[in-house]
Amino acid sequence: MSEIKVELPDGSPRTLEVDSTALDLARSIGPRLAKDAIAAKVNGTLTDLSAPLSNGDQVSIVTPASDDGREVLRHSSAHVLAQAVTRLWPGAHYAIGPAIRDGFYYDFELPGGAHFSDDDLARVEAEMRAIIAEDQPFTRRIYSIEEGLELFRDQPFKVEIIEAVARGNEEDLSETGGDSVVSTYSNTPSFVDLCRGPHVPTTARLGHFQLTRVAGAYWRGLETNPQLQRIYGTAWESKDALAGHLHQLEEAEQRDHRKLGAELDLFSFPSEIGPGLAVFHPRGGIIRRVMEEYSRQRHEVSGYEFVYSPHITKADLFETSGHLTWFAEGMYPPMILDEGQHYYLKPMNCPFHMTIFKARQRSYRELPLRMFEFGSVYRYEKSGVVHGLTRVRGMTQDDAHIFCTREQMGVELTRTLNFVLDLLRDFGLNDFYLELSTRPPGKAVGTDEEWAEAEAALATVCQDAGIEFVMDPGGGAFYGPKISVQAKDAIGRTHQMSTIQLDFQTPNNFDATYVAPDNTRQRPIMIHRALFGSVERFMAILIEHYAGNLPTWLCPEQVRVLGVRNDHDDYAYEVAALLRERGLRTHVEDATEPLGSRIRKAKLEKIPYVVVVGDEDVAAGTLGINARGTNDPERGVTVGEFANRLVDEVARHASPEAP
RNA sequence: GCCUGGGUAGCUCAGUCGGUAGAGCAACGCAUUCGUAAUGCGUAGGUCAGGAGUUCGAAUCUCCUCCCAGGCUCCA
């Protein structure tokens, strides 16, 4: 047979000569495609353009401006990065260098224990550009395990990977490209990398990249392994795409809650208090209070009861709950009293709620019993992990624990999930998916049957919820599996929001019981759930989601009234008083500066409504509205009409930008 | 906790070779009275994160500590 037939993505057949490659196929389709092509996908697997095709293959040509294409570009860029580093640091060991979201990285061990500095980034980047300019072809070769070990005998990390593959370690297969063979790429005789590929045909196809940062990273991600030197980069199919990505990073930086929190005078982290411990300023305090009040009100309607518990407790409580066994390292060290008694700051509220459950005999008639608390907890986060309001050492959870029977469990979980989603939507988050985290290997309590039952119950709830859900194997808490609600924000990032955890263990540990209709003692199920996660973190996510332009109902200052001249100030105060009577947070700024200057200031503070009053308004009892996000003011609106509009907007949780 | 980088006025930043601290904005005062994103002039503001060392002399060089950023690990 001198011809083969392959199938294109649209289903159309294509006839080629025997031994044709994917590149030949691209050429047969069109010169532009052939010029653009960087790899191929054959029967669902990415391969080099030079790979020979077989009869019956389903083939698509991969071009740079696609997910597959970018992955190839990034992977090849990582390869060039390693080549550049070995040129600049002869004797450097290179470990792994995958494509990642938006870019790539490569891990190295430099001779003499050297580290990369920020300045090295520019040197490495220049060397990479030199390699790219040299238009070096990527050539694939296959070796046996033995040959591979010999080839990389000076590269201990590569040897370790090959040995792992030889032992059949699945995880490492992806690095080498086969069961018992070693796949390599070289683009000059002097540089060979262990790699499954595919790669672009030559280094000349690369170039729209930028090295972004250096970092330490543990070999194979294990803290006990040596720390390697990692270089991160980003790579794209075109100059515009690269510029677009860099622009997006800037956008994200602009809406960083830490930056906005300082600019809008919402909160701060005084260094004299300590890392990860925030104070809320009056303006941030208003946002927080409104969030909490709304949450309280919704919980009340939904049948929750409100409880309070102290911030510290004797060790006994956390011994019983298992926290001191499983999570002592995440807790602040104990305060030791004179009598030798150990007291701990609480890292979680559940054991306290359990003591409330146990305060007296409980009947099945009381279940489900839903206890809610804005509970402040303290966790000893490692020094390198604290991050603004999203990862702190002291936080307030909107925490609730539901005690129910096994029979009630399914209904209660569904009800809780719906409640959670509904409330998140009220805060303007609409794009969700669910994640189901299962038993963590090696650090879980309870029997296999209990875990299986709990995981099955949560899976059913996820399936019935009618929204996308994904598995997170091993991500559960030590006492039970959990559903977490992941929400996408305005710029497409996902955040873990609410969690719903099912817990058979804590009631066991505390020997909690209720009296069933048949007069027997039964063990309740406990459902842990936090909606905001932590109030602090949720506020941070809202600030970033809205880029500081919070919906009016959450804004610390909803209206700022400005007189045109200072003889309008009296009227401005009258207007403000009327608006305040309607519950609108309103302030006046006296006319000591030019109007334009005061408007600018209010806009920079992201106040939803700037109200301007002048001669005409004083005469007619009206005002002028300059809404956030617009530049054309509305004149001559009566005070009453404006107040009505705003009261309605607040009730609907809307904002001026999206009425 | 680990790696890299950083910390100068409330904020953003400049500060040369080691020679004794500077701008803009903000604040405050005075003048200005203005119809939709920056009025003018003036004043004040600093243990250069903290400590130790080298030096005749340290924001600048060395060491330690604290704090911040980006990663790694972690995230009940």
Side-chain angles (χ1 to χ4, degrees), chain A residues 105 107 115-121 212-232 253 256 258-259 262-263 265 268-276 318 321-323 325-331 347-350 377 379-388 390-392 397 437 440 443-444 475-480 482 496 499 501 503 506 528 530 533 537 562-569 590-605 610-617 623-627 630-636:
Chain A
Y105 68 78
D107 286 348
H115 295 147
F116 292 121
S117 73
D118 279 6
D119 298 335
D120 292 332
L121 234 43
T212 49
R213 53 183 51 104
V214 302
Y218 300 105
W219 167 235
R220 290 174 178 269
L222 283 178
E223 210 174 353
T224 47
N225 279 346
Q227 191 163 48
L228 305 179
Q229 298 296 306
R230 176 174 295 179
I231 291 181
Y232 281 96
E253 210 173 300
D256 189 311
R258 293 164 303 180
K259 179 181 154 77
E263 280 174 8
D265 195 18
S268 59
F269 295 87
S271 57
E272 49 272 63
I273 295 180
F318 290 127
S321 69
H323 285 93
T325 309
W326 299 95
F327 292 104
E329 70 176 41
M331 292 167 65
M348 291 185 87
N349 301 301
C350 36
V377 298
R379 298 178 181 183
Y380 186 72
E381 300 285 2
K382 286 200 248 176
S383 64
V385 308
V386 295
H387 178 93
T390 60
R391 192 78 182 272
V392 290
Q397 295 182 309
S437 302
K443 52 170 200 173
F478 73 96
Y479 50 74
K482 69 177 180 193
Q496 178 178 314
T499 57
Q501 302 187 327
D503 180 6
T506 308
H528 306 241
R537 195 178 116 83
L562 308 175
V564 173
R565 287 188 316 270
N566 61 7
D567 51 319
H568 302 125
D569 281 350
D590 291 340
T592 52
E593 279 182 87
L595 181 64
S597 166
R598 286 176 287 145
I599 287 170
R600 177 167 188 273
K601 203 170 136 200
K603 292 278 187 183
L604 290 174
E605 288 177 48
V610 180
V611 160
V612 174
V613 291
D615 289 333
E616 296 166 26
D617 299 300
L623 43 75
I625 306 166
N626 189 331
T630 71
N631 270 318
D632 53 316
E634 184 182 354
R635 296 275 297 268

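What you see is a predicted model, and the numbers here were worked out from it, not measured in a lab. Within every chain, numbering begins at 1; the chains are lettered A, B, ... in the order of the sequence lines, protein sequences first and strands thereafter.
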Base, sugar-phosphate, or nothing: which does A:D632 touch, judged by heavy atoms less than 4.0 Å apart? nothing

Under 4.0 Å, heavy atoms only, any strand: does A:Q229 hit a base, just the sugar-phosphate, or nothing? sugar-phosphate

Under 4.0 Å, counting only non-hydrogen atoms across every strand here, what does A:A477 touch: a base, just sugar-phosphate, or nothing? sugar-phosphate

Are any non-hydrogen side-chain atoms of A:L121 and A:V214 less than 4.5 angstrom apart? yes

Under 4.0 Å between any heavy atoms, over every strand shown, what does A:G563 touch: base, sugar-phosphate, or nothing? Just pick one. nothing

Under 4.0 Å between any heavy atoms, over every strand shown, what does A:Y105 touch: base, sugar-phosphate, or nothing? Just pick one. nothing

Touch check for A:K259, heavy atoms < 4.0 angstrom, all strands: base, sugar-phosphate only, or nothing? nothing

Under 3.5 Å on both distances, the Watson-Crick or G-U partner of B:U36: none

Looking across every strand, which nucleic acid part, if any, lies under 4.0 Å from A:H568 by heavy atom: base, sugar-phosphate, or nothing? nothing

Applying the Watson-Crick and G-U wobble criteria at under 3.5 Å, what pairs with B:G46? Answer none if nothing qualifies. none

Over all strands shown, is A:Y479 touching base, sugar-phosphate only, or nothing at heavy-atom distances under 4.0 angstrom? sugar-phosphate

Would you mind pulling out the nucleotide paired to B:C17, Watson-Crick or G-U wobble, both distances under 3.5 Å? none

What are the atom names and distances for every N/O pair under 3.5 Å that joins the protein to nucleotides 41-52 of chain B?
none

Hunt down the Watson-Crick or G-U wobble partner of B:C2, both distances under 3.5 Å, from any strand shown, or write none. B:G71

Residue list, ring pair (Phe, Tyr, Trp, His ring centres under 6.0 Å) with A:Y218, at least two apart or on another chain: none

Is there a Watson-Crick or G-U wobble partner for B:A59 with both distances under 3.5 Å, and if so, which one is it? none

Determine whether any donor atom in the side chain of A:Q227 lies under 3.5 Å from an acceptor atom in the base of B:C2, or the reverse, and answer yes or no. yes

A:D120 has an atom CG; how far is it from atom P of B:G70, in whole Å? 22 Å

Presence of donor-acceptor pair under 3.5 Å, side chain of A:R230 and base of B:C72: no

Partner of B:G10 under the Watson-Crick or G-U wobble criteria, both distances under 3.5 Å, comes out as B:C25

Reckon A:G596 touches a base, only the sugar-phosphate, or nothing at all at heavy-atom distances under 4.0 Å? sugar-phosphate

Under 4.0 Å between any heavy atoms, over every strand shown, what does A:P347 touch: base, sugar-phosphate, or nothing? Just pick one. base

Whole angstrom value for the distance that separates C1' of B:C68 from CZ of A:R258: 9 Å

When we call it a touch if two heavy atoms are under 4.0 Å apart, what does A:S383 touch: a base, just sugar-phosphate, or nothing? base

Base, sugar-phosphate or nothing for A:T212? Non-hydrogen atoms, less than 4.0 Å. nothing

Students often get this wrong, so: under 4.0 angstrom with heavy atoms, is A:R598 touching a base, only sugar-phosphate, or nothing? nothing

Distance-only donor-acceptor test (3.5 Å): side chain A:R391, base B:C74: yes

Can you tell me which nucleotide in B:C34, B:G1, B:A37 comes closest to the side chain of A:Y380? B:G1

Is there, by distance only and without an angle test, a donor paired with an acceptor across the side chain of A:D615 and the base of B:G35 below 3.5 Å? no

